[in-house]
Amino acid sequence: MFKEFKGLNLPQIDKEILEYWDNAQIFQKSIDQRDSNQPFVFYEGPPSANGMPGIHHVMARAIKDIFCRFQTMKGKRVERKGGWDTHGLPIELSVEKELGITKEDIGKSISVEEYNDKCRETVMRYKDKWDAITKQMGYWVDLENPYVTYTNEYIESVWWLISQLYQKGLLYKGYTIQPYSPAAGTGLSSHELNMPNAYQEITDISAVAQFKVKGEVNTFILAWTTTPWTLPSNTALAVGKDIRYVKVHTFNRYTKEECFVILAKDRFSSYFSEQQPDLQPDQMKAGNQPIPYIEIVGEYSGRELEGIHYEQLLSYVIPEGKAFEVILGDFVTTSDGTGIVHISPTFGADDFKVAKLNGIAALTVPDVNGNPMPLVDKQGKFVSQVTDFAGRYVKDYGQKEERSVDTDITIKLKTENKLFVSEKYVHSYPHCWRTDKPILYYPLDSWFIKTSSLKERMVQLNQTINWKPASTGEGRFGKWLENLQDWNLSRSRYWGIPLPIWRSADAKEEICIQSIAQLKMEIDRANDVLGLQQSVPADLHRPYMDEIILVSANGEKLFRELDLIDVWFDSGAMPYAQWHYPFENKEKFEQNFPADFIAEGVDQTRGWFYTLHAIGVMVFDSVAFKNVVSNGLVLDKNGQKMSKRLGNGIDPFSTIEKYGADATRWYMISNAQPWDNLKFDLSGIEEVSRKFFGTLYNTYSFFALYANIDQFKWSSAEVPLEKRPEIDRWVLSELNTLIHLVDTDYATYEPTNATRKIMEFVDENLSNWYVRLCRRRFWKGEMSEDKLAAYQTLYTCLNVVSRLMAPVAPFFADWLYRNLQEGALEKGPESVHLALIPVSDSGIIDHALEERMAYAQRISSLVLSLRKKEKLKVRQPLQKMLIPILNDNFEKQVEGVKDLILAEVNVKEIEYVSGAGNIIQKKVKPDFKSLGKKLGKNMKAVADALASLSQEDIQQIEKSGSFETNISGEIIQLTKEELEIVPVDIPGWLVATDAGLTVALDIQLSDELIAEGMARELVNRIQNIRKSSDFNVTDKIAIQLEALDFVKPAVKKYASYICSETLAEKLDVVEKGDGGEMLDLPEGEIWIKVTLS
RNA sequence: AGUCUCGUAGCUCAGCUGGUUAGAGCACUACACUGAUAAUGUAGGGGUCGGCGGUUCGAGUCCGCCCGAGACUACCA
């Protein structure tokens, strides 16, 4: 028996199937039953369980799941090891927040040990939620044996990778200006700077400062800055060597003092208005409008300005060495500012470089250890030496200040005759992706990986990767690789993998540890030499690692470099570290590298996708993955980003509970290509569940209902194809076409196309054509070969659809598949996920048949629209329809589906009208595609000429097979093949036309037809009574009908028809009696009584 | 600031290498149908295919500029 149901309840199906999967170990079996020599390698990008899963995670994981399930159903063994990303800033920051501490407190009010314990404890906080969503959404991944990045095994593998890089000479330590987040207390790598939303529009105070030239009276060089807080650190001014500069005589707008200022000629008009030779000081107004000037007194090239000395602008600290000179910089432009750039070597990458090149000193003060440090400390505060602003944050890292430091500095400059002008300036500025605070460019000591040296190889190997969409690989990722900077590996934090490098105090000797065994050896040696009692710590994190002292070959003490390794390295190391390679599982690793497939959000392009690729290329000279799908963002239904602040987030748990996982997944995949952003709208899920799942459910219900009545069981001994009716062969042809297309779509990572095609087949072909037209075959009579063929055909369609949809809708597909299995004599695999994707049989595909049926559908549609126009019910039979013949093949094709059409539109016969006669009115159009090239300019004139032809002209063309016309003196000859002749009308008939197809309908009604229509009307009413009386589909009935004139002919002629249609054993025409009911027919009211017999 | 992608009906999306009535689904309106009924059919309204210009016999499709959205890049003073 096939199970029958009362209604579709997708969430209920989820629950039942989940329980079944658990009990029967289906996930495990889906791996175990596959050949280990046929692997499909998938890498799970580790999520951090530190935050709640969102709906976008459901999206990303649905994509991963689809292709893993598909490949399993292609016979591949797809192991999916889960993983957890456990280190890094997000966790540290949430712990800091919870404990109410800042980075400064770590090691003081809380020990590193306690702090890291807290991190370890926090990192798995939402693991339960993650496990729950994983399960509920039907994402199959091995959560029993996940890799966890904080374990010693994982760390050891990372160390090994680092040591490989070290041995290849790819690791170096450098002092550079780097993006630094005072709020997070760490430097940021370039890919962190490229996280979405890192660059934000902010308004800064920009200032044009006046630098007083030494040895000249009241002469100033103007330099523009958007960071006035860097002015105390100024030690040079840069000009462009070929830029022209002018010296202008005017007054300072604030102090009214007379002055001569120097700026780029190109920038002059941005700051100065009209010339006023007799300008007086009191005519100067404050504000930031251009000011008048007295005259331009000189012009110079940048090269001429080089070497000019100027006075220090703000002399809090006196630099050691050369400073306060004009130097040349090739980065100087005149697109902004004054064409002169203020240089503070401690706070700008260009500044640092150009200062070094010119031997210009940096402004530093000694720190507690006597090492030089900039005038701003690592929390972003001015040091005490900057007396006026000591202790103040240069950006809003602390509590909100009434006036920013930038403002106060400009005020100070203003009063000291050092400010030319200041104004607000809007620009995009990088912000820390975790703390959302502006970053500083700050001089830091860091370890780098020389990724730039392997740039070409990375680009080259990237070209072998199949990116979905391709533009992400070529464009976004490819361009990124082409402009690759060295990877800053250092993080000065606490919770992460310690850098396994020990260095001597003078930095002359160092060692890079590659394994725990090596560490133990080195510790033993150090213990020997130094007489210590050290051992390998049980936990390889800080602070334990920091305490270990090693010894160099020369007997020098070596101390661990305190930095941690960038967490992105952790996740990029997962192909190796998940197997604890190379210390264990060498074979396993080799079988599972590189990955066949990975998928993550597009925001991982510079994150995980990059780190995987970089490590793969650098250490193994290989890609780390062959196919990658990067999905877009999940936005709210208005296209806004989902955020806690806006409260427009979609809760994945309640969504799945309400609509079911399948409808949610199907909606996400079918609505838009995964790489396009998804505007997530719950009403879209409803539509999918109604239209697709509802229709499919109804189709199954219909099948189950009748199959059970007829005791149908499926077996492979099927009615041969050639013995099945046209419509069966048609739907099977369409089905096999579908299999081929869907299989190709999945194989090429096009899930959206796959789902759309499945939906169309289920809705258009299966439900609204095949089942609708075949209903009668299921209803009546005993089991016959035709009926059996119908059951088998429908069974096959449902079974195939269940397998095709399984990757995207794993629950419903299994439910459907297993329900079908209930009625199968020969059992297949117990779950659809253990079954194989069906193989398309090209022998079943019949294009002519598909075309034929398309004609049938279109012709039926035309006839129905004509009936509609004339208000002729489909129940009323009509005598005849006329179809003009387009070509020889056409009549044959239509004739093949004639019976279907006639039954569908309730017409008795089709008459074909050949083109030869003059019954049909026609239209001639040129075949633009082929004629365009031939005719060129005359194309339009010819088209016009054809349009104005009379019916006689067209007949002439059909007879002669050619057409000739004169276009402005030029004779143009066209053959029939270059023209398209289509029927448009049959005068005197009711005609409908659609894209070259024309149908005419005879709407004359004879008494005969009217009687038959009445009979059908009665059948319909009686069926309704059966239904409203809750009779069983198989119950027999007796009918009493009032003897009125308008039904008599119908009953007389069609009594047996009425009886067989309604399962009536008796039909009596009688006088109106007791009980029963009144029927409202077009001709009048009539009494009827229907009883069970 | 630059680079890239995108802009088609109220909404979500198709539209192949340029070819002559620009499509589908949803939503809306009306009428049908109803042994699958949380369906279905038919019809209707709704589009200057973001704007302007160019190439072409012909442009939603190719090119340029502009506007708008998004992503990316950037040390930008």
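In what follows, chains carry the letters A, B, and so on, assigned in the order in which the sequence lines appear, proteins first and then strands, with residues in each chain numbered from 1.
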When the P atoms of B/U37 and B/U29 are considered, how many whole Å apart are they? 25 Å

For A/Arg690 and B/A27, is the shortest distance between a side-chain N/O and OP1 or OP2 below 4.0 Å? yes

B/A59 and B/C13: how far apart are their C1' atoms, nearest whole angstrom? 22 Å

Does OP1 or OP2 of B/U12 have a side-chain N or O of A/Tyr667 closer than 4.0 Å? no

So A/Leu682 and A/Tyr659, side-chain contact (heavy atoms from CB on, under 4.5 Å) or not? Walk me through it. CA-CA 9 Å; A/Leu682 290 174; A/Tyr659 300 99; 3.9 Å; yes

Heavy atoms under 4.0 Å, any strand shown: does A/Asn1020 hit a base, just sugar-phosphate, or nothing? sugar-phosphate

With rounding to whole Å, what would you report as the distance between B/A77 and B/G47 at their P atoms? 48 Å

Taking pairs as Watson-Crick (N1-N3 plus N6-O4 or O6-N4) or G-U wobble (N1-O2 and O6-N3), each distance under 3.5 Å, the stems of three or more consecutive pairs with RNA chain B are B:1-7 with B:67-73, B:10-13 with B:23-26, B:28-32 with B:40-44, B:50-54 with B:62-66

Can you find a heavy atom in the side chain of A/Leu440 that is under 4.5 Å from one in the side chain of A/Phe347? no

Sub-3.5 Å pairs of nitrogen or oxygen atoms, protein against nucleotides 29-31 of chain B:
unit_1	atom_1	unit_2	atom_2	d
B/C31	O2'	A/Lys868	NZ	3.4
B/C31	O2	A/Lys868	NZ	3.4

OP1 or OP2 of B/C33 less than 4.0 angstrom from a side-chain nitrogen or oxygen of A/Arg875, does that happen here? yes

In this structure, which one of A/Trp666, A/Tyr697, A/Phe812, A/Tyr667 forms a ring-ring contact (aromatic ring centres under 6.0 Å, His included) with A/Phe692? A/Trp666

Please tell me if A/Ser861 has a side-chain N or O lying less than 4.0 Å from either OP1 or OP2 of B/U42. yes

Just to be sure I understand the rule, does A/Ser701 reach a base, reach only the sugar-phosphate, or reach nothing, if contact means heavy atoms closer than 4.0 Å? nothing

Inter-nucleotide C1' distance (B/C26, B/A14), Å rounded: 15 Å

Verify whether the ring centers belonging to A/Phe703 and A/Phe778 lie closer than 6.0 Å. no

How long is the straight-line distance from OG1 of A/Thr695 back to CD of A/Glu764, given to the nearest 0.5 Å? 10.0 Å

Between A/Lys691 and B/A38, is there a contact of a side-chain N or O with OP1 or OP2 at under 4.0 Å? no

Same-atom distance (P) from B/U3 to B/G44, integer angstrom: 47 Å

Kindly state whether the ring of A/Phe609 and the ring of A/Trp480 have centres lying under 6.0 angstrom apart. no

B/G23 versus B/G70 - spacing of their P atoms, nearest Å: 32 Å

May I ask you to verify if any side-chain N or O of A/Arg775 is less than 4.0 angstrom from the OP1 or OP2 atom of B/A36? yes

Between the side-chain atoms of A/Ser767 and the base atoms of B/A36, is any donor-acceptor pair under 3.5 Å? yes

Categorize A/Tyr706 for me: base, sugar-phosphate, or nothing, with a 4.0 angstrom heavy-atom threshold over every strand shown. sugar-phosphate

When rounded to the nearest Å, what value does the distance between C1' atoms of B/G25 and B/A39 take? 15 Å

5' priority, RNA chain B, between A/Gly339 and A/Asp676 [closest heavy atom]: A/Asp676

5'-most contact on RNA chain B: A/Arg772 or A/Ile340, nearest heavy atom basis? A/Arg772

Which residues share a salt bridge (Lys or Arg N to Asp or Glu O under 4.0 Å) with A/Glu904, sequence neighbours left out: A/Arg772

